[in-house]
Amino acid sequence: MNFQPILEEIVTTLRPQLGKEGAVANYIPALARVPVNQFGIALRTVDGLEAAAGDALTPFSIQSISKLFALTIGMRLMGETLWERIGREPSGNPFNSLVQLENEQGVPRNPFINAGAIAVADRLVSHCEGKIEMLAQLSSISNEAIHYNPEVAASEAATGFRNVALANFMKSFGKIDNDVATVLDVYFHHCAIEMNCLQLARAAGYLCRDGAHPYLPERQVVTERQARRINSLMLTCGTYDAAGEFAFLIGLPCKSGVGGGIVAVVPDQLTLCVWSPALDSTGNSLLGRKALEMFVARTGLSVF
Ligand code: DON
């Protein structure tokens, strides 16, 4: 399939809607300043063919898309033991909610809500240098150097009151082993990674290759079974409390971030990234979701 004209058509159709609906995440000052009228889309197939359109090369804050890559490191380093303190159920609640944690004794519903990612960060702190390992992994699977944006990391730390609450709450249940400030420093830095659509489409490539490294096919980033499980979690939990709607409308494993990016996987075929900063009420990119709906309608690609 020739994807380039499809991506260009999506950009042409959606550009007139930029700035009309939704709002950028404003609870973190560094994100509130991002101009709303941007839209990019890029993909990379299992054969290494690439297509990109719009602002596909503009760097943005990947935010919660980093939860996908943190989980990947955790699964690789810890295997099944990672799941001793983290569930695998959709939360049905906003990503920064505290309510379920009390009922469920400090065990987060899944690794893609904030509490779950903080729990993953704690596990990483126990097993590796979480900040260094993340950049090493991303630079390897993107095939180019990836960096943190220190201003965004500082902005996360300065305004992350709910995350501080979530981490301390889990600590009070004995579910966080390490110093809370150290764990949050890792978590905030992961949220502050900057990448563009094409880099993310490349980096997520192991998820459409049964876990194989996107550039070094003889190397596994995770096992085939782990890749399948990450894709399942993306489908059921990757877009917060809109995961059911995403599965219904799009039918692809997706992971979103409040920077406006969404990574999607078509197993055995390609990985795709869309980005547009204005979010809907669930914290997912509004035009990003529309773009994915258009992409599956035009290509017929879906896991169902
Ligand atoms: O923890 C925060 O407030 C943000 N950095 C969360 C990032 C995000 O995209 C939403 N998360 N699940």
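Heads up: numbering here begins at 1 and tracks the sequence. Just so we're clear, the structure is a prediction, and the values are computed from it rather than from any experiment. Counting starts at 1 for both ligands and their atoms, in listed order.
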Taking the inter-plane angle between the rings of Tyr148 and His189 on a 0 to 90° scale, is it parallel (under 30°), tilted (30 to 60°) or perpendicular (over 60°)?
perpendicular
Quick one: does any side-chain atom of Thr236 pair with a main-chain N or O of Ser232 as donor and acceptor, under 3.5 Å?
yes
Backbone N or O of Phe69 within a donor-acceptor pair of the Gln137 side chain at under 3.5 Å?
yes
Against heavy atoms of Gly257, which atoms of ligand 1 measure under 4.0 Å?
9 (O)
Would you call Tyr240 a ligand 1 contact, heavy-atom distance under 4.0 Å?
yes
For the pair Arg209 (side chain) and Gly205 (backbone), establish whether a donor and an acceptor sit closer than 3.5 Å, ignoring hydrogens and angles.
yes
Would you say Lys67 touches ligand 1, if touching means a heavy atom closer than 4.0 Å?
yes
Can you confirm whether the side chains of Asn196 and Thr58 place a donor and an acceptor under 3.5 Å from each other?
no
Between Lys290 and Glu21, does any side-chain N to carboxylate O distance fall below 4.0 Å?
yes
Please classify the Glu156 to ligand 1 contact at 4.0 Å (heavy-atom distances, strictly less than): side chain, backbone, both or neither.
side chain
Among protein heavy atoms, which lies nearest atom 1 (O) of ligand 1, and at what distance?
Tyr187 OH, 2.6 Å
Backbone, side chain, both or neither: what part of Ile113 comes under 4.0 angstrom of ligand 1, heavy atoms only?
neither
Side chain, backbone, both or neither: which part of Ser64 has a heavy atom under 4.0 Å from ligand 1?
both
Looking only at distance, does Gly259 have an N or O less than 3.5 Å from an N or O of ligand 1?
no
Indicate yes or no for a side-chain donor-acceptor contact from Asp280 to the backbone of Thr282 under 3.5 Å, with no hydrogens or angles considered.
yes
Going by the side-chain contact (heavy atoms from CB on, under 4.5 Å) test, name the single residue among Ile176, Asp179, Leu166, Val164 that passes it with Leu184.
Val164
Per-atom contacts of ligand 1 with Val258, taking only distances under 4.0 Å to non-hydrogen atoms
7 (C), 8 (C), 9 (O), 10 (C)
NZ/NE/NH1/NH2 to OD/OE distance under 4.0 Å, Asp177 and Arg123:
yes
Which residue owns the protein heavy atom closest to atom 4 (C) of ligand 1, what's the atom, and how far is it?
Tyr27 OH, 3.1 Å
Numbering as shown, the atoms of ligand 1 that approach Cys191 to under 4.0 Å (heavy-atom distance)
5 (N)
Within the structure, does Ser256 bring an N/O atom to less than 3.5 angstrom of an N/O atom in ligand 1?
no
Per-atom contacts of ligand 1 with Phe112, taking only distances under 4.0 Å to non-hydrogen atoms:
12 (N)
Proximal atoms of ligand 1 relative to Asn163 (non-hydrogen, under 4.0 Å)
1 (O), 2 (C), 3 (O)
